[in-house]
Amino acid sequence: LDACLGGGLRREDLIVLGGESGVGCSALAMGIALRAAQQGINVAVLSTEMSPTRLAERALAQAARATLDELAGTALDDQRRADIAAVALQLRSLPLAFHTQPAGGWLPDLADVAEGAELVVVDALEGLHWGRHRRAAAAAAWVLACKRAAIARGVPVILVRHAGAVDGIPRGTRPTLDLLGDLGVREQADVVLGLHREDLMRPDPAVAGSAEVLVLKDRFGALGSVDLWFEPTLARFEDLAEV
């Protein structure tokens, strides 16, 4: 994906990562955050759905290649428990911070949660509060706010967008710019990524695990696609070359 984007995420860019609910956008965003933090990049993950504890559990599950049931259970042998504990210790040392949305919402410039961050991940657009605005108006305001925050802070901002929130979208629909580009996304986003899993469209063992990221818009580069592998029990995406 870095190669497809001409070297990776650019400072001051708003990157919208979208797909239907359940396709794995949150898991992919967490994977990107983890890999960035492992390279020493200061990352802030902002969630509208989970507490910092739950976010840390999911990060640990991905990093340790463990299921959430494994983390919660007591049936682990001593070696497996030690391996997971070692990964947990490594995660604690990473420049990776988790935040959950307070009842009153975040400040539009994200100054209260993203100070010092070099990459900001916001998950997800549909849950962001904006005063008394209705959901669509609040979402459109946050798209613009995230773009302004990216410019003001000189960092890339990844904004997760669940297309399933749009009425009338059949399950398994391939993401398009028309599908993800409303609420000001088409105008404000520098990069729009659409996540697709073929096994959601047709439950065929031949396509199980097959996933694809479509570059639907890149203000400074070409469009394209990247094949990925998805492991549902781990909620983890991999480059096909690493599988």
Glu49 side chain to Gly127 main-chain N or O, any donor-acceptor pair under 3.5 Å?
no
So Phe237 and Phe230, would you call those rings parallel, tilted or perpendicular, with 30° and 60° as cut-offs?
tilted
Taking atom CG of Leu107 and atom CG of Asp112, what is their separation to the nearest 0.5 Å?
4.0 Å
Give a yes or no on whether the backbone of Val16 and the side-chain of Arg161 come within a donor-acceptor separation of less than 3.5 Å.
no
So Leu60 and Ile84, do their side chains get closer than 4.5 Å, heavy atoms only?
yes
For Ala36, all residues meeting side chain to side chain contact (heavy atoms under 4.5 Å, CB included), sequence neighbours excluded:
Ile41, Val43, Leu119
Between Val213 and Leu1, the two heavy atoms sitting closest are CG1-CD1, 4.1 Å
4.5 Å side-chain heavy-atom contact, Pro108 and Trp130
yes
Going by an N to O cut-off under 4.0 Å, is there a salt bridge joining Asp178 and Arg186?
yes
Just wondering, are more than 12 heavy atoms of other shown residues or ligands nearer than 6.0 Å to CZ in Arg219?
yes
Quick check: does any side chain N or O of Arg197 sit under 3.5 Å from a backbone N or O of Val23, one acting as donor and the other as acceptor?
yes
Would a distance-only check, ignoring hydrogens and angles, find a side-chain to backbone donor-acceptor pair under 3.5 Å from Glu118 to Asn42?
yes
To the closest 0.5 Å, what do you measure between CG (Leu214) and OG1 (Thr176)?
9.5 Å
In this structure, CZ of Arg236 is separated from CE of Met30 (nearest 0.5 Å) by 12.5 Å
Can you list the steps and then say if Leu91 with Leu34 is a side chain to side chain contact (heavy atoms under 4.5 Å, CB included)?
CA-CA 9 Å; Leu91 285 180; Leu34 270 173; 3.6 Å; yes
Glu126 side chain to His162 main-chain N or O, any donor-acceptor pair under 3.5 Å?
yes
Are Leu68 and Leu234 linked, directly or through intermediate hydrophobic residues, by side-chain heavy-atom contacts shorter than 4.5 Å (ILVMFWY only)?
no
Looking at Ala27 and Ala235, what are the two nearest heavy atoms and their distance?
CB-O, 3.3 Å
Test item: side-chain donor near acceptor, Glu231 and Thr233, under 3.5 Å:
yes
I'd like to know if the side chain of Thr48 and the backbone of Ala124 have a donor-acceptor N/O pair within less than 3.5 Å.
yes
For the pair Asp13 (side chain) and Ile15 (backbone), establish whether a donor and an acceptor sit closer than 3.5 Å, ignoring hydrogens and angles.
no
Should the pair Asp83-Arg80 be classified as a salt bridge under the 4.0 Å nitrogen-to-oxygen rule?
no
Quick one: side chain to side chain contact (heavy atoms under 4.5 Å, CB included) partners of Val155, sequence neighbours excluded?
Val120, Arg153, Val157
What are the two closest heavy atoms between Leu179 and Arg174, and how far apart are they?
CD2-O, 4.4 Å
Any donor-acceptor N/O pair, Lys217 side chain to Ala189 backbone, under 3.5 Å
yes
What distance separates Asp2 CG from Arg35 CZ, expressed to the nearest 0.5 Å?
9.5 Å
Of all heavy-atom pairs between Gly19 and Leu180, which one has the smallest distance, and what is that distance?
N-CD2, 4.1 Å
Give, for atom CG of Leu94 and atom CG of Leu89, the distance between the pair rounded to the nearest 0.5 Å.
10.0 Å
Would a 4.5 Å heavy-atom cut-off, applied to side chains only, mark Gln38 and Gln90 as touching?
no
Apply the test side chain to side chain contact (heavy atoms under 4.5 Å, CB included) to residues Val226 and Leu228: give CA-CA distance (whole Å), side-chain angles for both, the deciding distance (0.1 Å), then the verdict.
CA-CA 6 Å; Val226 178; Leu228 300 177; 4.2 Å; yes
If only atom types and distance count, is the side chain of Trp142 paired as donor or acceptor with the main-chain N or O of His129 below 3.5 Å?
yes
Is the backbone N or O of Glu12 less than 3.5 Å from a side-chain atom of Lys147, with the two atoms forming a donor-acceptor pair by type?
yes
Could you check whether Glu70 pairs with Arg65 (Lys NZ or Arg NE/NH1/NH2 to Asp/Glu carboxylate O, under 4.0 Å)?
no
Hydrophobic clustering (ILVMFWY, side-chain heavy atoms < 4.5 Å, transitive) - are Leu144 and Leu177 grouped together?
no
Distance in Å, Gln101 CD paired with Trp106 CH2, rounded so as to fall on 0.5 Å steps:
5.0 Å
Do you know which two heavy atoms are closest between Ala139 and Leu183, and how far apart they sit?
CB-CD1, 3.7 Å
Would you check if Leu159 and Val121 make a side-chain contact, meaning some heavy-atom pair closer than 4.5 Å?
no
Identify the two heavy atoms, one from Val160 and one from Cys25, that lie closest to each other, and give their separation to 0.1 Å.
CG1-CB, 3.8 Å
Cut-off 3.5 Å, side chains only: do Ser26 and Asp123 have a donor facing an acceptor?
yes
Given Leu55 and Arg58, is the side chain to side chain contact (heavy atoms under 4.5 Å, CB included) satisfied, shown in steps?
CA-CA 5 Å; Leu55 291 168; Arg58 280 156 176 74; 5.6 Å; no
Going through the distances and angles, do Val143 and Leu125 end up as a side chain to side chain contact (heavy atoms under 4.5 Å, CB included)?
CA-CA 8 Å; Val143 170; Leu125 174 60; 3.9 Å; yes
Can you establish whether the number of heavy atoms outside Arg10 located under 6.0 Å from its atom CZ is more than 12?
yes
